[in-house]
Amino acid sequence: DPNSPHWGVQEYNWFRDYDICSLGNCLFTLEWNNCCRSSAITSGTNTPWNQGILYQAATLYTVITPCNSSPQYYPLPPYICEGRPITLPMGATDPDGDSLAFRWGIPFVAPNSPFDYATGYSITQPLGPSWNVSLDSATGDLTCIPNPGNVVTGVIGIVVEEWRNGSLIGTSFRDYMIRVQPCPNVLCGANYAEGTIFEDADSDCLLDSNESGLSNWQVYILPDSLIL
């Protein structure tokens, strides 16, 4: 609904096949960049939409046999609620069973040009001084504690490291825009389990018969909150 006050997400996927597994003992860095970032960003300089975006997507070491697979990220909700604590699963799983470690990363706008955070914001404080944000290095969980938790749209960078037999064999990077906005004062946790997805057209926190057939819209039920 273009008139809805709540954000949704459109997902686009681009694919290109490259056979690099036969090229032994090489290090490949995959990057993609474009202009521009969203004008909704409030954690950057006064003109964040003039800043491009550079995805340093992954590093691959072809010395690995068989060829290494990259981690698979968990899906995320389109926004979180003002003044409400939440833990976001920013982590991933690895199809090869490699160990994963998570750390803060630097979002870039172009090669050698980091994202320009505004005063009060930083790599480890991406939502500013009104939020206490922490990253679990083992799980990738991102915990956001309101203090008091103001409305903001921030840029977060997280690096995922792949480890095998004590050696670093690859990295991947997630550059994510996270939006904090006011939410309806509705508690859904008592009605549905965390992770339940449906379209709640009338915001009653119930999956009604007239809503079950709707498509292309998702509602993420998080603990004690409703996210449309």
Side-chain angles (χ1 to χ4, degrees), residues 6-9 11 41-43 55-59 68-108 115 117 120-164 166 168-181 183 187-198 218-228:
H6 306 288
W7 273 35
V9 173
E11 183 177 282
I41 293 171
T42 57
S43 65
Y55 288 109
Q56 295 180 307
T59 56
N68 185 39
S69 299
S70 63
Q72 306 298 307
Y73 288 108
Y74 300 138
L76 292 173
Y79 63 82
I80 66 175
C81 293
E82 175 189 17
R84 297 185 188 178
I86 191 172
T87 296
L88 297 172
M90 297 291 287
T93 58
D94 190 88
D96 302 319
D98 298 321
S99 298
L100 301 179
F102 304 85
R103 58 179 173 83
W104 294 110
I106 303 173
F108 280 84
F115 177 79
Y117 282 102
Y121 297 83
S122 66
I123 297 169
T124 58
Q125 201 172 18
L127 298 182
S130 76
W131 287 88
N132 296 323
V133 181
S134 61
L135 176 66
D136 190 309
S137 62
T139 65
D141 285 350
L142 190 76
T143 300
C144 305
I145 303 299
N147 184 36
N150 297 341
V151 170
V152 62
T153 300
V155 175
I156 292 176
I158 294 177
V159 176
V160 183
E161 300 175 338
E162 292 181 78
W163 293 83
R164 184 182 298 176
L168 179 66
I169 62 170
T171 62
S172 58
F173 185 81
R174 191 172 211 183
D175 184 315
Y176 187 74
M177 187 182 80
I178 185 167
R179 179 179 174 89
V180 182
Q181 70 176 49
C183 295
L187 302 181
C188 291
N191 296 336
Y192 298 99
E194 180 179 351
T196 302
I197 299 175
F198 67 93
Q218 294 182 333
V219 168
Y220 293 76
I221 302 301
L222 301 171
D224 295 333
S225 65
L226 170 64
I227 292 185
L228 296 179

Report summary line: Sequence neighbours excluded, the answer for salt bridge (charged side-chain N to carboxylate O under 4.0 Å, His left out) partners of D94 is none
Report task. Quick one: closest heavy-atom pair of S69 and D96, and the distance? Result -> N-OD2, 2.7 Å
**Report entry** Between CG on residue D98 and OG on residue S70, distance to nearest 0.5 Å
**Finding:** 11.0 Å
**Report entry** Non-hydrogen side-chain atoms of Y176 and L142 separated by less than 4.5 Å
**Finding:** no
Report task. Applying side chain to side chain contact (heavy atoms under 4.5 Å, CB included), name anything that partners R103, two or more places apart in sequence or on another chain. Result -> V159, E161
Expected list for residues 124-135: side-chain donor-acceptor pairs under 3.5 angstrom, two or more places apart:
{"residue": "S130", "atom": "OG", "partner": "N150", "partner atom": "N", "Å": "3.0"}
{"residue": "W131", "atom": "NE1", "partner": "N150", "partner atom": "O", "Å": "2.9"}

Query - Set of residues satisfying side chain to side chain contact (heavy atoms under 4.5 Å, CB included) with respect to I123, sequence neighbours excluded - result: W104, I106, Y117
Query - Minimum heavy-atom distance V151-Q181, with the two atoms named - result: CG2-CA, 4.1 Å
Query raised in the report: Closest heavy-atom contact between G105 and P107?
Result: O-CD, 3.3 Å
Query raised in the report: Side chains of T153 and T42: do they bring a donor and an acceptor to under 3.5 Å?
Result: no
**Report entry** Pairwise side-chain contact, R174 with V160, heavy-atom cut-off 4.5 Å (strictly under)
**Finding:** no
Query raised in the report: With a 4.5 Å limit on heavy-atom distance, are the side chains of E162 and L100 in contact?
Result: yes
Report task. Tell me, please, which residues at least two apart from S137 pass side chain to side chain donor-acceptor pair (under 3.5 Å). Result -> none
Report task. Kindly write out the residues that satisfy side chain to side chain donor-acceptor pair (under 3.5 Å) with Y73, not counting sequence neighbours, or none if the list is empty. Result -> S172
Report summary line: Here the salt bridge (charged side-chain N to carboxylate O under 4.0 Å, His left out) pairs for residues 126-141, sequence neighbours left out, are none
Report task. Measure the spacing between CD1 of I80 and CD1 of I86 and express it to the nearest 0.5 Å. Result -> 6.0 Å
